[in-house]
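Below: one structure, written as structure tokens.
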Amino acid sequence: AASAAVGGVTDRLTFIPSPHVVPMRQSHDDDAAVLRYGTSMSRTLSARRLHDGSSGSESSLQAASSFSDLPLLALPGLASRVSIAGTSASQNDLRAFFDTAVADGHIEVDAMTVEGGLTPSLVLSTAGALASSLMFGLNNANMNTPAAAMRASLGLPSSLPAGCAAGEAVHAQLLENDVTWSLIVSILCLGALVGSASAAYLADGWGRRAFLLHNSGLYAVAALVGAAASAFPADAFPAGASPAGGREEDPCSTSRSTAAILLLLLSRVLSGVACGGSTVVVPMYLGEISPAHLRGTLGSAFLLTAVTGMLLAQVLGLPPLLGSDDRWRLVLLAVLPPAALQILLLRPSLLESPRWLLLRGRDEAARTTLARLRGCRGGEVETAELHQELASMLPSPQGRPGGRRPASWPGGGSSARLLIDPSARRPLVLCVGLMAVQQFSGINNVFNYSSTFLAQRGLSQQECELVALLMNSVNVLVVLLSTALMDRLGRKPLLAASLGGMAAASLLLTAALLLGSVPLVVVAMVLFVLTFGVGLGPVVWLLPAELFPTQLRASAIATTTVVNWLANYVVGQLFLPLASWLGPLSFLPFAAVLAAGLLLAFSLPETRGRTLEEIEAYFAPRLKRGHSITAPLMPAAAWRGA
């Protein structure tokens with residue numbers, strides 16, 4: 001949930017379009033050029049010849065532009081591999097561009113900046129898709145702050161009321177309650193696994209737009225089913241007892257509401273399927289409708305909307321608001337407004353993906369839709385730039401760097417090839433390992449169980465609420481920071497710093513719980529979320545799109561997504577029983593996992609400022625020479641000789 005989940009992407013997502021821009025000479029020196037998207041598309045010029053006014057073909061722009069190196073996905077930080085603050089260089093000058101820009105802040109190589117591209121049609125289509133991202137965030141964080149009221153209504157209390165005698169049988173019952181509640185929370189991950197696995201197939205058949213609208217309907221159904229659970233509250237009497245029977249109420253005993261538990265489980269499965277679908281199709285859709293240089297920005301918008309939804313869910317779930325015994329169902333129903341907004345109001349402006357239309361043989365509709373998205377005037381639907389951009393979306397090797405065949409061709413991109421292809425083995429070990437580390441770091445336990453866990457450690461309700469609000473607020477703010485940091489610092493340093501910071505925060509939290517220091521607990525929890533957000537969260541999801549050969553990228557993303565959701569389920573199911581056993585030492589196992597993750601981080605190559613061809617060449621020759629997948633990596637300086 002907190003990891004910006006993107007996955008299950010089909011093979012059709014691996015085609016690389018070139019940017020189509022209207023050049024306008026606005027440089028401050030002879031070595032810079034500004035390429036601007038305009039409302040009128042005219043003939044494209046070569047970025048490397050703008051300073052002398054020469055014209056060039058579109059292919060020369062494609063060769064010169066590093067933005068053409070970006071896959072058809074909207075991922076946070078995607079463009080930061082090939083640009084700094086929106087400025088890019090030619091493929092040949094990319095390494096020197098980054099070295100110079102980072103060293104002294106002055107660009108001395110051929111560089112260009114692509115600006116514009118946010119047309120009204122693109123903004124409205126993006127807003128419609130981001131409604132799904134908001135619902136994704138709401139469902140991923142709506143079980144934490146209202147947990148006490150929900151568990152009491154289900155007959156699954158986490159602790160005994162004051163004055164009740166505790167014995168082995170009672171402790172066993174409380175542990176069973178924790179296991180059942182953990183299942184209710186974490187079963188969303190199993191639903192998401194199904195949703196992410198099937199979403200690409202359904203989106204290919206129905207269309208991206210139709211899938212998003214149907215998926216919003218599924219969010220609404222799941223919310224209604226979950227809210228219905230509140231109609232079957234547990235009785236605060238021993239089994240078989242009732243006031244009519246003349247027996248007094250026993251405040252130390254409850255009977256479970258089986259009907260409510262089953263309804264909530266069903267709701268979580270359905271919402272999980274919808275969440276899995278959103279993590280696949282929203283980045284797919286945004287990547288297919290946006291210009292290349294905006295895909296990283298729209299990917300950040302996807303993540304920012306999701307974490308904003310998480311913050312909203314945590315706020316609404318506070319007991320003074322909707323997290324009380326008689327109002328907690330309204331927290332689950334919070335997805336209905338964005339679902340209605342998308343289905344009823346934004347539906348007309350939610351344009352279909354031109355790429356999907358093209359692949360379905362609807363060429364004229366694809367051309368007209370792309371013209372609207374690019375802001376062309378009424379009659380400008382036959383320009384060379386539109387034809388070229390549409391051609392780049394076709395499953396054909398023409399126009400692709402190096403003539404590499406698309407993954408959808410026979411024999412390409414299967415999951416089995418990830419194990420067979422030598423160039424994929426080391427990236428597979430690194431990406432799968434880091435996906436597992438991301439979830440076994442304990443990050444989603446912090447978002448899903450912090451109120452329950454801290455209350456069991458003796459913190460008051462107000463202190464638990466404060467921790468939840470601060471964590472989720474920091475989670476929103478750090479999204480705005482992470483892309484800029486990847487711009488300047490790169491993936492590897494951020495990932496290593498993130499893992500080290502989270503491990504230190506885990507140790508600090510352990511010490512704070514042992515000492516009983518509430519302020520230190522707050523600092524440790526906020527630091528844990530902050531350090532996750534700058535590295536382990538966004539970087540891990542970018543790596544499959546950057547480390548794998550183009551023809552294997554879609555299968556790699558799908559495989560690593562499966563690992564992420566399964567790890568998410570396992571750690572979510574085990575955390576509360578583990579916390580019952582280890583008490584204040586519960587985060588020490590996560591600190592050990594994070595320390596082990598540092599070994600993987602130090603084994604990563606830095607991808608910032610490298611072309612996809614350089615990254616592929618980095619892995620393949622080493623394996624051909626007989627190096628093992630755990631051999632030390634080439635020094636950074638050796639990139640220049642690759």
Side-chain angles (χ1 to χ4, degrees), residues 1-6 74-80 133-134 136-138 140-141 144 279 283 296-315 434-450 466-506 508-509 522-543 564 567-568 571 587 590-591 593-594 597-598 600-601 604 608:
S3 58
V6 178
L75 294 173
L78 182 68
S80 67
S133 176
L134 181 63
F136 166 70
L138 287 169
N140 273 280
N144 184 28
T279 62
T297 301
L298 295 189
S300 296
F302 168 78
L303 180 57
L304 181 62
T305 309
V307 297
T308 301
M310 294 174 63
L311 173 60
L312 180 60
Q314 300 269 8
V315 172
L434 286 170
M435 283 291 185
V437 168
Q438 185 191 72
Q439 291 307 318
F440 283 100
S441 69
I443 184 62
N444 279 310
N445 293 329
V446 167
F447 288 110
N448 290 328
Y449 300 119
S450 66
L466 174 64
V467 170
L469 289 178
L470 288 176
M471 285 193 311
N472 284 272
S473 299
V474 167
N475 196 33
V476 172
L477 295 176
V478 77
V479 170
L480 303 174
L481 177 66
S482 59
T483 299
L485 290 177
M486 280 191 281
D487 235 5
R488 292 290 173 179
L489 302 180
R491 283 87 165 108
K492 186 173 180 176
L494 279 180
L495 186 59
S498 176
L499 288 162
M502 292 180 72
S506 298
L508 181 63
L509 177 60
V522 174
V523 170
M525 297 286 275
V526 171
L527 179 63
F528 191 82
V529 173
L530 174 65
T531 51
F532 170 83
V534 299
L536 190 59
V539 171
V540 168
W541 285 105
L542 269 179
L543 292 177
N564 190 279
N568 195 346
V571 74
F587 272 76
F590 301 133
V593 170
L594 290 163
L598 283 170
L600 292 173
L604 277 175
R608 189 194 60 159

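- Here the side chains of Val540 and Asn564 are not in contact, with every heavy-atom distance at 4.5 Å or above.
- In terms of heavy atoms, Gly533 sits closest to Pro538 at O-CD, 3.3 Å.
- Distance alone, capped at 3.5 Å, places no donor-acceptor pair between the Gln438 side chain and the Trp541 backbone.
- Going from atom CG of Leu594 over to atom CE of Met502 covers 5.0 Å, rounded to the nearest 0.5 Å.
- The shortest distance between side-chain heavy atoms of Asn475 and Phe447 falls below 4.5 Å.
- Put simply, the side chain of Ser498 gets close to the backbone of Leu536: a donor and an acceptor are under 3.5 Å apart.
- Using a 4.5 Å heavy-atom cutoff, the side chains of Asn444 and Val571 are not in contact.
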Please tabulate, one pair per line, all N/O donor-acceptor pairs under 3.5 Å involving side-chain atoms of residues 296-307, not counting sequence neighbours.
{"residue": "Ser300", "atom": "OG", "partner": "Gly296", "partner atom": "O", "Å": "3.2"}
{"residue": "Ser300", "atom": "OG", "partner": "Thr483", "partner atom": "OG1", "Å": "3.1"}
{"residue": "Thr305", "atom": "OG1", "partner": "Ala301", "partner atom": "O", "Å": "2.7"}

Open item on the list: Run Thr279 and Phe136 through side chain to side chain contact (heavy atoms under 4.5 Å, CB included) and show every step you take.
Closed with: CA-CA 8 Å; Thr279 62; Phe136 166 70; 3.5 Å; yes
Open item on the list: Please evaluate residues Asn445 and Phe590 with respect to the criterion side chain to side chain contact (heavy atoms under 4.5 Å, CB included), reporting the C-alpha separation (whole Å), side-chain torsions for both, the decisive distance (0.1 Å), and the verdict.
Closed with: CA-CA 11 Å; Asn445 293 329; Phe590 301 133; 3.4 Å; yes
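- Contact between Gln439 and Ala567 at its shortest, heavy atoms only, is CB-CB, 3.7 Å.
- Looking only at distances, no side-chain donor or acceptor of Arg608 sits under 3.5 Å from a matching main-chain atom of Lys492.
- Put simply, the residue from Leu494, Leu481, Leu78 that forms a side-chain contact (heavy atoms from CB on, under 4.5 Å) with Met486 is Leu494.
- Note: Asn568 CG to Asn448 CG = 7.5 Å, rounded to the nearest 0.5 Å.
- The line from CG of Leu312 to CG of Asn472 is 10.5 Å long, rounded to the nearest 0.5 Å.
- Between Pro76 and Val479, the closest side-chain pair of non-hydrogen atoms is not below 4.5 Å.
- Across all non-hydrogen atoms, the minimal contact from Ala496 to Leu598 is O-CD2, 3.4 Å.
- Nearest heavy-atom pair, Ala468 versus Asn144, reported as atom, atom and distance to 0.1 Å: CB-ND2, 4.2 Å.
- You'll find the side chain of Leu470 stays beyond 4.5 Å of the side chain of Met525, heavy atoms only.
- The distance from the CG atom of Leu530 to the CE atom of Met471 is 12.5 Å, given to the nearest 0.5 Å.
- Taking CG from Leu495 and CG from Leu542, the interatomic distance works out to 11.0 Å, rounded to the nearest 0.5 Å.
- In this structure, Phe528 and Leu509 have side chains that are not in contact, with every pair of non-hydrogen atoms separated by 4.5 Å or more.
- Between Leu543 and Leu604 the shortest side-chain heavy-atom distance falls below 4.5 Å.
- Annotation for Ser80 and Asp487: closest pair CB-OD1, 3.5 Å, computed over non-hydrogen atoms.
- Closest of all the heavy-atom pairs between Leu138 and Gly309 is CD2-O, 3.3 Å.
- Interatomic distance, OG of Ser441 versus CG of Leu434, reported as 11.0 Å (0.5 Å rounding).
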